There are 2 protein chains.
Amino acid sequence: MLSKKAKYAIKALIFIAKDADKSPLPVSIIAEREKIPKKSLESILLELRNAGYLYSKKGISGGYVLSKSPEEISLVGIVRLMDGPIARVSCASAFHYRSCEECLDEAACSIKKVYLKIREEELKILSETSIADMISNEQLTSCNLILEHA
Amino acid sequence: MLSKKAKYAIKALIFIAKDADKSPLPVSIIAEREKIPKKSLESILLELRNAGYLYSKKGISGGYVLSKSPEEISLVGIVRLMDGPIARVSCASAFHYRSCEECLDEAACSIKKVYLKIREEELKILSETSIADMISNEQLTSCNLILEHA
DNA sequence: TATAATTCTATAATATCCATAGAATTACTA
DNA sequence: TAGTAATTCTATGGATATTATAGAATTATA
């Protein structure tokens, strides 16, 4: 399952990206508006900052700002950072390869082969989707809803 | 991650399917040969039996036999039974749909949209792969290995 | 009737996830 | 320069899920 941590991270990045003026957004505002527990969000934004997604400013009128453009931030990096490898079995992971502890014959393992395919598909979708895509996708939906009611 | 439970279930079904004579296979044999903790395997085979994948025979010379042909058993059912829904977010699940507790606006949620696509791809692969496919895939590999060394 | 298997319930051990607490640090501003 | 409001950092509690284990009850065959 996609963890809450990852969902919170994605939501926070979208929220920050949508913020019109580029003044830093304090954790408290994001937490309140997105209904995310403040302390949890704090540690998530810290991780995102350390990974280079955000720039943070301390003190009064401090907060977080994107350090890349929304087009440059793809989901795959966020999900990897928050939830670890994309692959569902460790032997199918490119960056965190580890042979499965219960595996008897990895070369012949058909589970590995199936999950390599699955990983590939998921990777493709996650790398092709940026925060900017997510935002336009949201707006597309509200647009459709307005049209439906028109 | 794919749980050990699911891996054990797949391995056990492959093992039973590969067994030439159709006399029941006792848990102890499968556990020993596949290096699966016997008691864990016991509960897994029980679940598979209750779900209709296996027929069990009690008493001496008892054990488990497939109740369908390997061609008819697709991975998707096994994985669902062992690990729950295929979808990585509950709102993207067809059989176990539940709106995510932290969701503020599901209609506009772009996370849901991305993970609907991912679910679809994974579902496709898992439903198209049968236990019979897994077995021929294994044999294909050992064949390749032999050819490589020839 | 003894044996060897499944069936069932309970529980221990471990790991992961999520949320919270609180103190230290930083930087703006009045 | 003192006060304030924010980030930073470390530690921990609690819930849940996963995996493995234990042991007694049941069943069917030889």
Side-chain angles (χ1 to χ4, degrees), chain A residues 1-12 16 23-32 34-51 53-65 67 79 81-85 88-90 96 98 100-103, chain B residues 1-12 16 23-32 34-51 53-65 67 79 81-85 88-90 96 98 100-103:
Chain A
M1 294 281 283
L2 190 70
S3 70
K4 285 194 181 181
K5 200 179 163 192
K7 290 184 197 168
Y8 289 162
I10 297 170
K11 281 165 187 248
I16 299 173
S23 62
L25 275 170
V27 178
S28 54
I29 297 290
I30 309 172
E32 189 198 341
E34 292 290 324
K35 302 264 182 290
I36 300 171
K38 192 181 165 225
K39 284 290 187 177
S40 298
L41 184 56
E42 214 172 76
S43 66
I44 290 167
L45 294 182
L46 193 56
E47 261 187 85
L48 288 172
R49 188 202 83 112
N50 292 335
Y53 288 101
L54 296 170
Y55 167 75
S56 74
K57 202 178 160 203
K58 288 186 182 181
I60 197 167
S61 81
Y64 288 96
V65 190
S67 63
V79 172
L81 186 65
M82 295 294 129
D83 283 1
R88 294 248 205 172
V89 289
S90 66
H96 296 84
R98 215 162 34 86
C100 302
E101 43 177 327
E102 72 282 356
C103 194
Chain B
M1 295 280 284
L2 189 71
S3 70
K4 285 194 181 181
K5 200 179 163 191
K7 290 184 196 167
Y8 290 161
I10 296 170
K11 280 164 188 248
I16 298 172
S23 63
L25 276 170
V27 178
S28 53
I29 298 289
I30 311 174
E32 188 198 341
E34 293 291 324
K35 302 264 183 287
I36 300 171
K38 191 179 167 231
K39 283 293 188 176
S40 297
L41 184 57
E42 213 172 77
S43 67
I44 289 167
L45 294 182
L46 194 56
E47 260 188 85
L48 288 171
R49 188 202 83 112
N50 292 335
Y53 288 102
L54 297 170
Y55 166 75
S56 74
K57 200 178 161 203
K58 288 187 183 180
I60 199 169
S61 81
Y64 288 96
V65 189
S67 63
V79 173
L81 185 65
M82 296 293 131
D83 284 1
R88 294 247 204 172
V89 290
S90 66
H96 295 85
R98 214 161 36 87
C100 302
E101 43 178 325
E102 72 282 355
C103 194

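We use all heavy atoms of the structure for the numbers below, so side chains are in, but hydrogens, waters and symmetry mates are not. Owing to the predicted nature of the structure, the values given are computational and were not obtained by experimental measurement.
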Is a side-chain N or O of S90(A) found less than 3.5 angstrom from the main chain of R98(A), in a donor-acceptor match?
yes
Is a donor on one side and an acceptor on the other found under 3.5 Å between the side chain of S67(A) and the backbone of Y53(A)?
yes
Whole angstrom value for the distance that separates [atom2] of [N] from [atom1] of [X]:
X	N	atom1	atom2	result
R88(A)	dT18(D)	CZ	C1'	16 Å
R49(B)	dT26(D)	CZ	P	16 Å
Y55(A)	dA6(D)	OH	P	16 Å
K4(B)	dT19(D)	NZ	P	7 Å
I60(B)	dT29(D)	CD1	P	11 Å

Here the gap from L54(A) atom CG to I44(A) atom CD1, rounded to the nearest 0.5 Å, amounts to 11.5 Å
Kindly compute the distance separating CZ (R88(A)) from OG (S3(B)), expressed to the nearest 0.5 Å.
10.5 Å
Compare every heavy atom of [Y] with every heavy atom of [X], then report the nearest pair and how far apart it is.
X	Y	answer
S61(B)	P24(B)	O-CG, 3.9 Å
A12(B)	L41(B)	CB-CD1, 3.9 Å
M1(B)	D83(B)	O-OD2, 4.0 Å

Would you jot down, in residue-number order, the residues of residues 34-44 of chain B having a non-hydrogen atom under 4.0 Å from DNA chain D?
P37(B), K39(B), S40(B)
Outermost contacting nts on DNA chain C, any atom under 4.0 Å from chain B heavy atoms, listed 5' then 3', are dA4(C) to dC8(C)
Heavy atoms, side chains only, cut-off 4.5 Å: are [X] and [Y] in contact?
X	Y	value
L48(B)	L45(B)	yes
K38(A)	S28(A)	yes
K7(B)	V89(A)	yes

Distance below 4.0 Å between Y8(B) side-chain N/O and dA20(D) OP1 or OP2
yes
If you pin G59(A) and S3(A) to their nearest nucleotides in DNA chain C, which one's is more 5'?
S3(A)
Looking at E102(A) and K11(B), is any side-chain nitrogen of the basic one under 4.0 Å from a carboxylate oxygen of the acidic one?
no
Take the C1' atoms of the five end pairs on each side of the helix from dT1(C)-dA30(D) to dA30(C)-dT1(D), derive the two axes, and give their angle rounded to 10 degrees.
0°
